[in-house]
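Throughout, protein chains are lettered first and strands after them, A, B, ... in sequence-line order, and every chain is numbered starting at 1. Just so it is clear, the values below take in all heavy atoms, side chains as well, and ignore hydrogens, waters and symmetry mates.
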Amino acid sequence: MTSVEVKEVVEHPIKLRVMRLGKPVIFNSKVVTCDSKDLPGAVLNTHLKKDVTTLANAETLAAGSFLMVPNVLENLYLGETFLCYVYLKNESSQTIHDIILKAEIDTATSHIPILGPKSFSKLDPYASIDVIVKHEVKEHGTVNKLICQVEYDRKHSFETIFSYRVPKPLDLKTKFYNTVTDEVYLEVQVQNIMSTPITLEKFNLESSFGYDVNSMNHLLESPENKSVFGDLDILDVKETRQYMYRLCLDQTIEKNPSRTNNLGKLDILWRSNMGTKGQIQSSPLLRQIPELDDITFSITYLPDTVFCEEQFDFTCSIKNNRNRDMQFVVEVSDEEDSNLAWTMVSGMQLRLLPPYATIKTVFSMVALNHGLQVISGIKLKELILNRTYTYNNFGHVFVTQNS
Amino acid sequence: MDRKTPELRPAINEYFKDPTPSANLFDNISSHATTDAKREEPAVCRIFQQIEKKTDIFDIINPPPDSNSHNNNPGFEVREAPFLNTGNDSVDPMSIFIHEYELSFVPAEDERRRFAWIPSSKTKMTLEKASQMNHALPRDMLTMPGVENVNFANKTYEGLVSYLGEAEAAPFKTKTIEEVTQDERGLKMLIEDSNYSEALNLTTRLLAMYGQGPGQTGYPSKHTKHSLQLWLTRFSLLVKICACKIAVKEAMAWDNLDRPDLYMQWYKELYGNKYGTLVPFSLRLILAELPQYATTSTNIYKKLFEVLSGVRKIILNLENNLAEDGRCVDLTTQDRNTSKLLWYSREARVIHSIINCALNQKDYKLAIQLLKDLIENPRLKYTIDHSRSLLSAMGRICLQVGDLKGHSYFLKSSRLKPQLLGTLGENKADYRELIDAALLAIAQNNYKEAYKHFENAYIIDSNKVMALNNMATCLFYEGQLNNAISLLEDAIQRFPELALNESLLSNIHCFYQFQNSASNKQRLLKYHIISKYKNSVTDITN
């Protein structure tokens with residue numbers, strides 16, 4: 001695709017040209033040198049030194065500052081800004097009056113006015129009207145058009161259409177992992193599918209209300225939150241990065257957090273050639289919510305190591321997942337062949353558990369034998385609807401000899 | 001034929017000589033990049049600078065002669081150029097290393113160190129058996145180059161005259177192949193005149209005398225230091241005129257520049273007991289750079305890194321008190337230090353080449369990594385100018401890949417400034433800071449500010465063509481096509497020698513094409529003809 005797209009309407013005295021602008025590029029000079037004792041002597045070196053495109057005092061590095069309007073434009077990607085030079089020139093020797101210039105973007109789903117209608121009372125012979133129009137590209141596809149309309153002398157009009165494609169810049173893949181404690185691990189793969197390397201300036205997960213995000217993309221032992229991807233945020237063409245997040249329900253929200261299946265969205269900002277900026281937000285990240293039981297029973301505290309023939313305590317939480325009151329009685333019973341024995345009262349009644357509330361309760365056991373032992377034998381009897389929930393095999397402790 | 005109205009083409013003075021220079025172009029007020037006016041303790045610093053010796057990256061021992069004599073500025077019209085290169089070239093601007101070594105100037109030592117190279121083990125074995133082998137190598141161990149049968153377009157001066165007229169064409173007159181002696185001296189003269197096509201045709205003639213002319217690829221011929229210098233010249237020029245296809249083809253016969261017949265040891269009767277290669281280092285480098293221009297290359301960096309590792313082996317030998325190629329030879333301290341200096345600078349030069357190659361391939365990660373290493377772990381102390389250039393280069397590379405944190409390198413470069421100015425330190429942005437600030441502004445889409453910085457840079461420095469071109473570019477992005485064109489036309493008129501280059505013409509071509517007027521096309525054609533003639537850029541069709 002060339003940068004110049006000239007559309008002319010021959011019969012009109014004023015002509016309209018449009019040109020999509022990409023950021024200027026830095027020209028890389030061609031470096032040819034030799035020793036001054038070689039045949040060409042110092043001539044080549046002198047030529048290089050005089051070259052206006054080189055970097056003074058480091059001429060052999062092709063990193064000058066000579067700007068060029070790009071001959072070949074990079075694609076325009078979703079999230080970038082469409083920048084276009086609209087050039088209206090009077091190519092006749094007569095003054096043209098009452099000019100109205102208007103421009104709009106036409107996509108598959110919408111018409112977006114981006115200029116005018118702008119009126120000019122007259123345009124002198126060979127003079128021009130220059131306008132730079134901008135538009136943030138929010139829709140990808142093949143049918144995008146810039147339509148410029150010109151009216152003049154109150155009776156003539158014509159329009160120029162400039163078509164462009166908007167491919168997708170990044171490929172995003174997500175995976176969810178739900179845990180029993182209602183946490184979600186989110187894995188995001190992002191691949192650069194543009195034709196140029198980019199710098200990922202921002203890659204954030206903006207969570208929905210009610211979720212806390214823990215970004216797991218930093219090295220644990222580094223003091224200043226060093227990224228696991230190293231110092232450079234460059235994403236080469238076709239390169240993929242994998243980000244990881246842990247989301248959990250915000251515990252400070254007392255009331256029923258509306259368990260939304262929308263975890264949030266990704267906010268991504270990148271820059272490429274000479275700071276060309278692009279920004280996109282992903283569509284909402286939706287997960288399948290696992291169907292919850294009436295209650296969630298989970299351990300909140302349990303020692304990993306206990307001593308043989310000594311009592312130990314552990315704490316569990318019971319969460320009401322339903323919109324009704326619950327009244328629990330906790331029963332414990334020793335299993336056959338178990339090496340752990342309960343040392344607490346069975347049949348203890350807990351206080352009334354309102355909808356979505358959580359209650360904590362402490363359990364006591366004694367270890368009878370060494371080794372890794374399994375905790376089993378808890379029954380929660382709900383009195384109001386007369387249901388029983390049984391929990392076996394839900395925790396481990398390691399039993400050692402008290403020396 | 002030029003039907004332009006005056007207001008379309010204001011003189012450049014309107015932009016710069018006006019007391020409020022940019023008011024009519026941009027009406028915003030932008031502040032210049034300001035920096036701390038730290039005053040440097042003067043005396044010590046300046047004294048040291050006089051003692052310090054600086055070496056340049058092209059050639060450490062013979063700094064190139066002052067090039068002020070090249071400042072001829074032919075113009076289309078006889079007109080005084082008010083902003084002439086004033087260039088205060090008191091310090092050789094190409095120097096990069098500061099050292100305190102006494103250098104050795106013994107010719108024999110100089111030759112040994114320049115042409116030192118470590119042969120591969122296979123070649124080494126062959127070289128050791130040279131006398132037993134009766135100097136006869138099997139065919140597959142011979143280097144058998146030949147030039148491609150190409151006559152480089154000979155652009156006659158008459159052609160230029162017929163187009164431009166005698167007066168306008170005069171400044172561009174160059175010598176032709178028939179006007180010079182058919183030897184090295186004539187070749188040099190053609191190159192000095194930038195008549196690269198004719199110079200290339202002369203190398204074809206001269207190499208034919210060595211049996212390495214057109215159609216002689218694959219036939220045994222004799223190599224001498226001189227024939228290899230001719231090849232170096234030829235490859236340099238081929239790359240300069242972008243005849244890369246031909247260069248890549250001719251390079252195939254040279255392989256890795258490691259066959260026995262390219263070492264002095266092979267020619268005992270000619271070079272006695274000398275060790276080293278016949279291949280000039282610059283030729284080794286330029287051949288290693290070639291794969292990036294070939295479409296079929298699989299690993300464009302391989303040869304460059306091979307050269308780099310060769311250089312590093314030599315440095316290691318020197319640091320371990322051996323000779324460059326690893327032989328146990330006693331070198332005087334002076335000799336050894338001079339050699340170290342040479343090879344350190346060659347190492348830097350090779351790394352520069354790899355960085356350039358990475359930039360062409362958009363391998364920004366590699367470029368940044370290598371440049372960072374150069375900045376953080378230099379072999380020798382850099383001059384401040386060079387350090388600042390490296391930092392600026394780093395910042396620019398970062399901007400090219402969209403990393404605005406590259407800004408921090410510009411700041412580091414700025415911080416080095418006061419040392420340079422010494423007692424003359426002023427609280428004013430210098431040229432480099434202005435260019436850096438302008439590029440950053442462009443990255444932030446602030447073309448107005450960028451324009452101002454370039455404009456200020458234009459007033460300060462000698463590389464006015466670049467400043468003008470960049471100002472024009474900024475104007476264009478601000479919707480001022482006509483002003484942008486005027487600026488470039490003025491640049492060409494004032495500095496035709498420097499401005500008529502491929503990159504500036506590409507810009508003006510783009511602007512003209514967009515503006516689309518008949519007179520522009522005429523003018524563009526003229527620029528192209530001169531530029532082609534001047535730079536001998538050939539259209540390679542075969």
Q: Hey, what do you get for NZ (Lys372(B)) to CG (Leu390(B)), rounding to the nearest 0.5 Å?
A: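 Those atoms lie 14.5 Å apart.
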
Q: Testing the basics here: between Tyr477(B) and Pro24(A), what is the closest heavy-atom pair and its distance to 0.1 Å?
A: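 Nearest pair, atom of Tyr477(B) first, then Pro24(A): OH-N, 3.3 Å.
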
Q: Under 3.5 Å, side chain of His386(B) to main-chain N/O of Asn57(A), donor-acceptor pair present?
A: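 Checked: pair present.
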
Q: What residue, out of Thr81(A), Leu44(A), Val52(A), Thr196(A), has the most heavy-atom pairs lying under 4.5 Å from chain B?
A: Val52(A)

Q: Heavy-atom cut-off 4.5 Å, strictly under: side chain, backbone, both or neither for Asn507(B) against chain A?
A: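 Asn507(B) touches chain A through side-chain heavy atoms alone.
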
Q: Of the backbone (N, CA, C, O) and the side chain (C-beta and beyond), which part of Asp38(A) lies under 4.5 Å from a heavy atom of chain B, both, or neither?
A: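 Interface part for Asp38(A): both.
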
Q: Top residue by heavy-atom pair count (under 4.5 Å) with chain B, among Val237(A), Val86(A), Ile132(A)?
A: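 It is Ile132(A).
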
Q: Pick one of side chain, backbone, both or neither for Phe235(B), based on which atoms fall under 4.5 Å of a heavy atom in chain A.
A: neither

Q: By a 4.5 Å heavy-atom criterion (distance strictly below it), what part of Leu232(A) contacts chain B: side chain, backbone, both, or neither?
A: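 Just the side chain, heavy atoms under 4.5 Å.
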
Q: Which atoms of Asn273(A) come close to chain B, meaning under 4.5 Å heavy atom to heavy atom: side chain ones, backbone ones, both, or neither?
A: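 When you check distances to chain B, atoms from both the backbone and side chain of Asn273(A) fall under 4.5 Å.
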
Q: Ignoring hydrogens and angles, tell me if any N or O in the side chain of Asp35(A) forms a donor-acceptor pair with the backbone of Lys37(A) under 3.5 Å.
A: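 Not confirmed, Asp35(A) side chain does not pair with Lys37(A) backbone.
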
Q: Among Lys23(A), Lys277(A), Lys30(A), which residue forms the greatest number of heavy-atom pairs with chain B at distances under 4.5 Å?
A: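 Most heavy-atom pairs under 4.5 Å with chain B: Lys23(A).
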
Q: Are Lys15(A) and Asn90(A) close enough that a side-chain donor and a side-chain acceptor fall under 3.5 Å?
A: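 Their side chains do not contain a donor-acceptor pair, so the 3.5 Å distance test is not met.
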
Q: Go through the atoms of Lys89(A) and report whether side chain, backbone, both or neither lie under 4.5 Å from a heavy atom of chain B.
A: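 The answer is the side chain of Lys89(A).
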
Q: Please flag which part of Leu504(B) lies under 4.5 Å from any non-hydrogen atom of chain A: side chain, backbone, both or neither.
A: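 Contact with chain A: backbone and side chain both.
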
Q: By a 4.5 Å heavy-atom criterion (distance strictly below it), what part of Leu61(A) contacts chain B: side chain, backbone, both, or neither?
A: both

Q: Does some side-chain heavy atom of Ile26(A) sit less than 4.5 Å from a side-chain heavy atom of Met274(A)?
A: yes

Q: Can you say whether Ile368(B) sits under 4.5 Å from chain A via the side chain, the backbone, both, or neither, judging by heavy atoms?
A: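 Side chain only.
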
Q: Please classify the contact between Phe66(A) and chain B as side chain, backbone, both or neither, with a heavy-atom cut-off of under 4.5 Å.
A: both

Q: Using non-hydrogen atoms and a 4.5 Å limit, figure out which bit of Glu289(B) sits close to chain A: side chain, backbone, both or neither.
A: side chain

Q: Is Ser272(A) close to chain B through its backbone or its side chain, or both, or neither, when contacts mean heavy atoms under 4.5 Å?
A: backbone

Q: Does any heavy atom of chain A fall under 4.5 Å from the side chain of Tyr293(B), the backbone, both, or neither of them?
A: side chain

Q: What part of Asp363(B) is in contact with chain A, defined as an atom under 4.5 angstrom from a non-hydrogen atom: side chain, backbone, both or neither?
A: neither

Q: Output, in order, the C-alpha distance, side-chain angles, deciding distance and verdict of ring-ring contact (aromatic ring centres under 6.0 Å, His included) for Tyr243(A) and Phe229(A).
A: CA-CA 10 Å; Tyr243(A) 289 85; Phe229(A) 304 111; 4.9 Å; yes

Q: Is Phe476(B) in contact with chain A via its backbone, its side chain, both, or neither, using a 4.5 Å heavy-atom distance?
A: both

Q: As a quick check of understanding, evaluate salt bridge (Lys or Arg N to Asp or Glu O under 4.0 Å) for Asp267(A) and Lys202(A), giving each step before the final call.
A: CA-CA 7 Å; Asp267(A) 189 10; Lys202(A) 190 165 105 183; 3.1 Å; yes

Q: For Ile355(B), which atoms come within 4.5 Å of any heavy atom of chain A: side chain, backbone, both, or neither?
A: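 Interface part for Ile355(B): side chain.
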
Q: Out of curiosity, Leu342(B) CG to Arg114(B) CZ, how far, rounded to the nearest 0.5 Å?
A: 6.5 Å

Q: Counting only heavy atoms closer than 4.5 Å, note whether Leu399(B) contacts chain A via side chain, backbone, both or neither.
A: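 For Leu399(B), the contact with chain A is made by backbone and side chain together.
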
Q: Between Arg396(B) and Leu439(B), is there a side-chain heavy-atom distance shorter than 4.5 Å?
A: yes

Q: Main chain of Gly479(B), side chain of Tyr85(A): is a donor-acceptor contact present, judged purely on distance under 3.5 Å?
A: yes

Q: Relative to chain A, which segment of Lys405(B) carries a heavy atom at a distance below 4.5 Å: side chain, backbone, both, or neither?
A: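 Just its side chain gets close to chain A.
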
Q: Hey, could you give me the OG1/CD1 distance between Thr46(A) and Ile191(B), rounded to the nearest 0.5 Å?
A: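 Reported to 0.5 Å precision, the distance equals 11.5 Å.
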
Q: Begin from the C-alpha positions of Val137(A) and Glu80(A) and carry the test side chain to side chain contact (heavy atoms under 4.5 Å, CB included) through to its verdict.
A: CA-CA 6 Å; Val137(A) 181; Glu80(A) 293 185 342; 5.6 Å; no

Q: Given a strict heavy-atom distance threshold of 4.5 Å, which part of Leu283(B) is in contact with chain A: side chain, backbone, both, or neither?
A: neither

Q: In terms of heavy-atom proximity below 4.5 Å to chain A, should Ile435(B) be classed as side chain, backbone, both, or neither?
A: side chain

Q: I'd like to know which of Gly64(A), Gly41(A), Ser128(A) tops the heavy-atom pair count under 4.5 Å against chain B.
A: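 Looking at each of Gly64(A), Gly41(A), Ser128(A) in turn, Gly64(A) comes out on top.
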
Q: Is chain A contacted by the side chain of Ile286(B), its backbone, both, or neither, given a heavy-atom distance below 4.5 Å?
A: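 When you check distances to chain A, only side chain atoms of Ile286(B) fall under 4.5 Å.
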
Q: Does the side chain of Thr240(A) reach to within under 4.5 Å of the side chain of Leu235(A), using non-hydrogen atoms?
A: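 In short, these two side chains do not touch, never coming nearer than 4.5 Å.
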
